[in-house]
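A quick write-up on the structure given underneath.
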Amino acid sequence: MPEGDTVFLAGRRLHDALAGQELTRGELRHPRLVQHDLAGRTVLEVVSVGKHLFTRFDDGTSLHSHFRMDGTWHLYRPGRPWRGGGDHQIRAILEVPDRVAVGYRLHDLDLLPTEREDTWVGHLGPDLLGDGWGPEAATEVERRLRADPDRELGAALLDQRVACGVGNLYKAEVCFLVGVSPWTTVGALTDAQVRDVVARSHTLLSRNAWRPEQSTTGDLGGNAQHWVFERGGRGCRRCRDVVRTAGQDDGSPDREDRIAYFCPTCQPGPHPPLERRRGRRPQQQSGRQARY
């Protein structure tokens, strides 16, 4: 599922392309919405709330979309070919004189009164990329994290009711940077570590919000953007131990375990049993010993 910064950037690009303009074409191909024609409505703004997008119109309605695992919005110049998927995957077309926004594989698409947007997002925690982010929002996220001290940190970070925006990428990277295993319970964290978790979640998302590249290391090179995410079986970029992977239950009843990436040396704490790896151990730095 896309991270919150991906949705944020998509929303800003849609806003820049559509806001303040009247739709010359407003076609909805979702089975529940095919009877609605949005042509003639003016787009007021496009805003993101965590992983949700709202396109707001001048008649007091909003088009809600959620990417889930494979949804996306593409922008094109009129007359240019559409390359986001087959015609059968198109769920929405919003066209203004100089841009066409095409929504592909938008399984969650709803048309609702703007005043009822809270029905879709009111249960979520503070938005890590929201305009209202500040000390009060950070304190609220800390409170929500501590509310279930027996919960594993990795699962809590993915819970959008705690804070919205973190996905599997930032879950892995935040746990690494804080120096704890994703299976560490929230109650085992110090107050300083809880504050660090929240601060790093906000910082990492904010750092990448205005660009398509998602780097947590400060390096935009394709092989060096992340500390542990998608580096299973390779050497840790900090200590050279082997980055491991294991499934972690995020608490969702309808979802399979999510893959957790972690370095057992840099991230002490509980984790599933690790297979002993054969062959030469990776060279260690600073005299540290790899643990298998």
Whether Thr6 side chain and Pro2 backbone form a donor-acceptor pair below 3.5 Å
no
Do His52 and Leu124 have side chains that get closer than 4.5 Å, going by heavy atoms?
yes
Residue from Thr217, Asn168, Thr216 passing side-chain hydrogen bond (donor to acceptor under 3.5 Å, both in side chains) with Glu173:
Thr216
Applying a strict under-4.5 Å side-chain criterion to I, L, V, M, F, W and Y, I'd like to know whether Leu129 and Trp133 cluster together.
yes
Check whether Tyr76 reaches the backbone of Arg83 with its side chain - one donor and one acceptor, N or O, closer than 3.5 Å.
yes
Below 4.5 Å, heavy atoms only, C-beta onward: do Arg29 and Ile93 meet side chain to side chain?
yes
Answer with yes or no whether the side chains of Glu117 and Ser62 bring together a donor and an acceptor at under 3.5 Å.
yes
Are a donor atom and an acceptor atom from the side chains of Gln214 and Glu3 found within less than 3.5 Å of each other?
no
Look at the side chain of Gln89 and the backbone N and O of Gly86, then say whether any donor-acceptor pair between them is shorter than 3.5 Å.
yes
salt_bridge(Arg144, Asp159) N-O dist < 4.0 Å
no
Salt bridge present between Arg32 and Asp110 (N-O < 4.0 angstrom):
yes
Asp108 (side chain) donor-acceptor with His66 (main chain) under 3.5 angstrom
no
Tell me which one of His36, Arg56, Arg41 satisfies side-chain hydrogen bond (donor to acceptor under 3.5 Å, both in side chains) with Thr61.
Arg41
Parallel, tilted or perpendicular for Trp227 and Phe176, by the 30°/60° rule?
parallel
Sub-3.5 Å donor-acceptor pair from the side chain of Ser48 to the main-chain atoms of Val7, do we have one?
no
Say whether Asn223 and Arg234, considering side chains only, have a donor N or O and an acceptor N or O under 3.5 Å apart.
yes
Between Arg146 and Asp191, is there a salt bridge with N-O shorter than 4.0 Å?
yes
Say whether, by atom type as modelled, one donor and one acceptor occur between the side chain of Ser206 and the main chain of Thr203 under 3.5 angstrom.
no
Looking only at atom types and distance, does a side-chain atom of Arg151 sit under 3.5 Å from a main-chain N or O of Ala147, one as donor and one as acceptor?
no
What orientation do His74 and Tyr104 show, parallel under 30°, tilted 30 to 60°, or perpendicular over 60°?
perpendicular
